[in-house]
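For reference, the structure is listed below as structure tokens.
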Protein chains: 2
Amino acid sequence: MKIALAQLNYHIGNFEFNTQKIIQTLTEQKAAGADLVVFAELSICGYPPRDFLEYPEFIALCKQAALEIAEACEGIACIVGVPELNPVIEGKDLYNAAYFMADGEIKQVIRKALLPTYDVFDEYRYFEPAHEFKCVDYKGYKIAVTICEDLWNLGDNPLYKACPMDELIKEEPDFMVNIAASPFAYNHDEQRIVILSQNCHKYQIPLFYVNQVGAHTELIFDGGSLVFDKAGDIVSELKYFEEDVQIFDVGQVKSSIVLSENQERPSDTAQVHQALVLGVRDYFQKLGFKKAILGLSGGIDSALVCALACEALGAENVMAVLLPSKYSSDHSVKDALDLVKNIGCKHTTLPIAQVAAAFEETLAQEFEGLAPSLAEENIQARSRGVLLMAMSNKFGYVLLNTSNKSESAVGYGTLYGDMCGAISVIGDCYKTQVFQLARYINRNGEIIPENTIVKPPSAELRPDQKDSDSLPEYDILDKILFEYIELKKSSKEIIEQGFDVDLVKKVLNLVNNAEFKRYQTPPILRVSPKAFGMGRRMPIVGKYLF
Amino acid sequence: MKIALAQLNYHIGNFEFNTQKIIQTLTEQKAAGADLVVFAELSICGYPPRDFLEYPEFIALCKQAALEIAEACEGIACIVGVPELNPVIEGKDLYNAAYFMADGEIKQVIRKALLPTYDVFDEYRYFEPAHEFKCVDYKGYKIAVTICEDLWNLGDNPLYKACPMDELIKEEPDFMVNIAASPFAYNHDEQRIVILSQNCHKYQIPLFYVNQVGAHTELIFDGGSLVFDKAGDIVSELKYFEEDVQIFDVGQVKSSIVLSENQERPSDTAQVHQALVLGVRDYFQKLGFKKAILGLSGGIDSALVCALACEALGAENVMAVLLPSKYSSDHSVKDALDLVKNIGCKHTTLPIAQVAAAFEETLAQEFEGLAPSLAEENIQARSRGVLLMAMSNKFGYVLLNTSNKSESAVGYGTLYGDMCGAISVIGDCYKTQVFQLARYINRNGEIIPENTIVKPPSAELRPDQKDSDSLPEYDILDKILFEYIELKKSSKEIIEQGFDVDLVKKVLNLVNNAEFKRYQTPPILRVSPKAFGMGRRMPIVGKYLF
């Protein structure tokens, strides 16, 4: 038997697009000799559909698409992911299901048992967990089909009591199929390979694993579908960050023949780079946009975002706007222009002096006799935001946000100013990671000017301002932030690692006090195990200070 | 036995404040003769603590506070809500628990079984459901203690399989105690009374029900704690929208003596009014702010928000800013000034002409030869946003957002312009409800000028603009929106009700296309069963159009 793994990029709620893509793949793979094509979790509607799942009309459209796909299953079988109405009244309205289809009809329904409800996942909001499990019989083979998280309990995951494979293995299946929607984080591919391999090792049968690929707003799915032999060794690994369809002969996999070269695993920085490019590209493609705009300050954050956008969309579709003020240094303008020259994107310059002056004159009477403060600094940042949005509105450019995770964490940014944008490109990258990414972008020659990388970071909102005036050096700051945000360590534990007591308390209080700002920021492309946004839900009104 | 119901306003994560408040109440109620004081769900940390629950330090502080409270339980007992570490490794890390405390120690732990994981609730994200139930024995009485949702399955709620009271009733308890954190929606108090009453009726014992009161960012808790006799009739009802502590004699309740006059149930509009005032007041008090600012256009939305803010914070703490443009009509300025005069708040005028001109001059070269468009309209809205934020930054005012639910639904608002603000006061009120609230505000005499209420709504961003130029009349629009957002009806079902086909499709597409805007709006005070924000989670990148 030949199995095709179809690692495709779906579009949430675009039933016509998804159905056509699935049917076309079925046709092609039938011609290529496949007996069974496996698609990803919730492939019919795209993952995650979120609260669209609460609309009966949406579920009906899923079913309609499934029936269309079933009709195309003549002489070939497939497994597709789809939300399924719970046929009984008790429990949640839906199952996260897979349909096994053959002979023009839905032959069997497989339901997911382990429903991730943590971090970015809300599956128990929508789905009833399955309690019954049955293998699929097809062409003389017994197939243990599971859905994503169902393989993430080997009997020792404290989150779950059920272990679907412990039930399915009783039928003595020949191999496992797992359909997934497993989002990228720089450490997640390794974890995924380990747990999948352990399943093979435990059950002593091969595994065909299909992940979806593509970005859905903040969540980026990296693909990297896998075939393991029964010992848990990788037989084949599909591409990362792009669509890929490959056919495997079950007999060969059972004989542990390595069918393709193992891909060299790229560095975390290289993976994050690929993820962000895909994240930007899919945001634009799936919303029907082509052109991006961003403010280019001469600093490293906007330079990196500019380079990523040019790679994702083509330099000809990126407009970089220099928005110098009286506090902008000469080198900033030069650095920005050097980048534009290196990269070949469009650019223009809109000095903010006139606008900032108009604001200050309009406010002169109100502010009379008061010293300049944060208010005047923010006027500059917000003047830039308004100019960029005006260009966006006039020409249909989509504004890219250029904030990084360090400044977003401590609230070092101006709401409605530099925190504007439709999507935050590097908002899940700490400043130290921003430097690593910039170096990576320059791996084959200078794109981001060296001076942009080596000069001390500054917001340039007042004379001779430097980030280090009000924040610790980024290598220290980022370590404290990582301990608190990613590892959820207590202030005490962080201090015990040798960081200054007052500094730790100051940083943690800054993080907690900046919730109100982060609430209003754009969605952030997620590349870490704990990104700001849907995966981190904090109260705004509260008092949890150190 | 005498039971005190303590309906208090907690502060999330403010352990010192909550603990002190609880201990002080214990002391007072002991002096007043109470044997048992009942506090609300998660009273020790405030509800909802959200992802703070994932911090071990936060849980340890909860435990420490609980032990402090236990020490105060000499000669008096209490029931308090607290997150509790799951003592076994299997399952989620925590239980949503209640401690029964007496004789200076924690005597018994009660755990919640039914974990709401829908709309604004994420309890299964954090908590393991309880599977074992035991009554509390105290002073010769057997008490069936449950937590909030635990009483929301009478055996016929499809969401839940467990029914804790069906287990507890086997011990033949004398009465029920339920501790809750049940957020306000205009239709929720009636639902709550029905289901609680049905519990009494089913189990034939009285019920003491304690809800928390107070607002936590978007969620407003209305209090309204209740005592029911065994027939399910209301014996007493505590205050709504304010703290209240009352003592009841169990013997009298068992004899069905009505202990206080039933409060007259106010209209939905009156309840929403009270909820919004509390929502604004608590947002400010709990974050330590005193002064609010808002833009006053002369239109009904900002007039209503101004009136609500003055009621919540005192007129002397509210600064209304008139921000007229060349398109502002004379009547707008007059209407705004009339309101200020009626209400007595501070005001100032900052014309936006100079700023808007500076933007247009700065952009003149870029925009050369192009007709005025949305870009120029948005520049006006955003100039206002920057001016208001400058005043906020300079003087410590907190900006109130004045968008309503109708415009937020269809994306009729300018991101970083009129969509700015720390908290959206009326963002869960449709325009038709805004009119009802304005009339209610004027119930004892004109506060909001009559002309503001009767004139046709307009954004005044271009000459002679009216909302009805681009939107249907609000009574039609709001009905379509309600069917789609609150009732999750399909386009087909809405059309079948007699609305115009193209209009329905246009409106639903506007709603779905505006997700990107709503993602970046301030938190919205929730007063309906389906508010934009944490209770409605939609994909931005997707294509689910009609």
Side-chain angles (χ1 to χ4, degrees), chain A residues 11-14 49-52 54-57 89-91 117-118 124-125 158 216-217 283 286-287 348 350 354-355 358-359 361-363 366-367 370 373-375 378-379 382 385-387 389-391 393-394 416 420 422 488 490 516 519-520 522-523 536-544, chain B residues 11-14 49-52 54-57 89-91 117-118 124-125 158 216-217 283 286-287 348 350 354-355 358-359 361-363 366-367 370 373-375 378-379 382 385-387 389-391 393-394 416 420 422 488 490 516 519-520 522-523 536-544:
Chain A
H11 191 185
I12 293 171
N14 193 340
R50 309 197 76 194
D51 283 5
F52 276 137
E54 298 186 350
Y55 278 80
E57 186 171 46
I89 288 170
E90 196 184 73
T117 306
Y118 54 77
Y124 193 69
R125 183 175 170 90
H216 300 271
T217 320
Y283 184 89
K286 291 179 180 177
L287 285 175
T348 190
L350 297 172
Q354 189 180 357
V355 167
F359 276 118
E361 280 165 42
T362 301
L363 289 159
E366 300 292 331
F367 286 8
L370 299 171
S373 66
L374 191 68
N378 283 343
I379 283 174
R382 294 192 176 114
V386 177
L387 286 166
M389 287 305 295
M391 293 284 289
N393 289 153
K394 190 58 110 186
Y416 322 128
C420 289
K488 296 174 191 163
S490 69
F516 78 99
Y519 188 97
Q520 297 188 42
R536 190 173 185 276
R537 304 172 188 175
M538 288 295 180
I540 294 176
V541 173
K543 189 175 185 175
Y544 180 40
Chain B
H11 190 185
I12 292 171
N14 193 341
R50 309 196 77 192
D51 283 5
F52 277 137
E54 298 186 350
Y55 279 80
E57 187 171 47
I89 289 169
E90 195 183 75
T117 306
Y118 52 78
Y124 193 71
R125 181 175 171 91
H216 300 270
T217 319
Y283 183 89
K286 292 180 178 176
L287 286 175
T348 189
L350 298 172
Q354 189 179 358
V355 167
F359 276 119
E361 280 166 40
T362 301
L363 289 160
E366 300 292 330
F367 287 8
L370 298 170
S373 65
L374 191 68
N378 283 342
I379 283 174
R382 293 190 177 114
V386 177
L387 286 166
M389 287 305 295
M391 293 286 287
N393 289 153
K394 190 58 110 187
Y416 322 128
C420 290
K488 295 173 192 164
S490 70
F516 78 99
Y519 189 98
Q520 297 188 43
R536 191 173 186 274
R537 305 173 187 175
M538 287 293 180
I540 294 176
V541 173
K543 190 174 186 175
Y544 180 39

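These numbers come from a predicted model, not from an experiment. Throughout, a chain's letter reflects where its sequence line sits, starting with A, and its residues are numbered from 1.
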#### Entry: Partner set under side-chain contact (heavy atoms from CB on, under 4.5 Å) for B:Tyr519, not counting sequence neighbours
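Listed in chain order: A:Glu218, A:Pro523, B:Ile540.
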### Pairing residues for A:Thr362 by the side-chain contact (heavy atoms from CB on, under 4.5 Å) criterion, not counting sequence neighbours
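Counting only residues at least two positions away or on another chain, A:Thr362 forms a side-chain contact (heavy atoms from CB on, under 4.5 Å) with B:Leu350, B:Gln354, B:Val355, B:Leu387.
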Only pairs of heavy atoms separated by less than 4.5 Å count here; which of [options] has the most with chain A?
options: B:Leu363, B:Leu374, B:Ile379; result: B:Leu363
options: B:Gly13, B:Gly385, B:Cys420; result: B:Cys420
options: B:Ser373, B:Pro49, B:Gly91; result: B:Gly91

### Task
Return the option, out of A:Ala358, A:Ala422, A:Pro56, with the maximum number of heavy-atom pairs under 4.5 Å with chain B.
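Greatest number of close heavy-atom pairs with chain B: A:Ala358.
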For [X] against [Y], the heavy-atom pair lying closest together:
X: A:Arg125; Y: B:Tyr118; answer: NH1-C, 3.6 Å
X: B:Tyr55; Y: A:Arg536; answer: OH-NH2, 3.6 Å
X: B:Ile12; Y: A:Pro539; answer: CG2-CG, 4.0 Å

### Query
Take atom NZ in A:Lys543; do more than 12 heavy atoms of anything else shown fall under 6.0 Å from it?
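Result for NZ/A:Lys543: open.
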### Query
In Å, rounded to the nearest 0.5 Å, how long is the span from CE of A:Met538 to CD of B:Glu54?
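CD of B:Glu54 is found 7.0 Å from CE of A:Met538.
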### Query
Side-chain contact, heavy-atom cut-off 4.5 Å: B:Asp51 with A:Arg537?
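Side chain of B:Asp51 against side chain of A:Arg537, heavy atoms only: contact under 4.5 Å found.
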#### Entry: Heavy-atom check, side chain of B:Glu366 versus side chain of A:Met391, under 4.5 Å
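In short, these two side chains touch, coming nearer than 4.5 Å.
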### Query
What class does the angle between the rings of B:Tyr416 and A:Tyr416 fall in, given that below 30° is parallel, 30 to 60° is tilted and above 60° is perpendicular?
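Ring orientation, 0 to 90° scale: tilted.
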### Task
Just say parallel, tilted or perpendicular for the rings of A:Phe359 and B:Phe359, cut-offs at 30° and 60°.
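Ring orientation, 0 to 90° scale: perpendicular.
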### Query
What part of A:Ala390 is in contact with chain B, defined as an atom under 4.5 angstrom from a non-hydrogen atom: side chain, backbone, both or neither?
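Interface part for A:Ala390: both.
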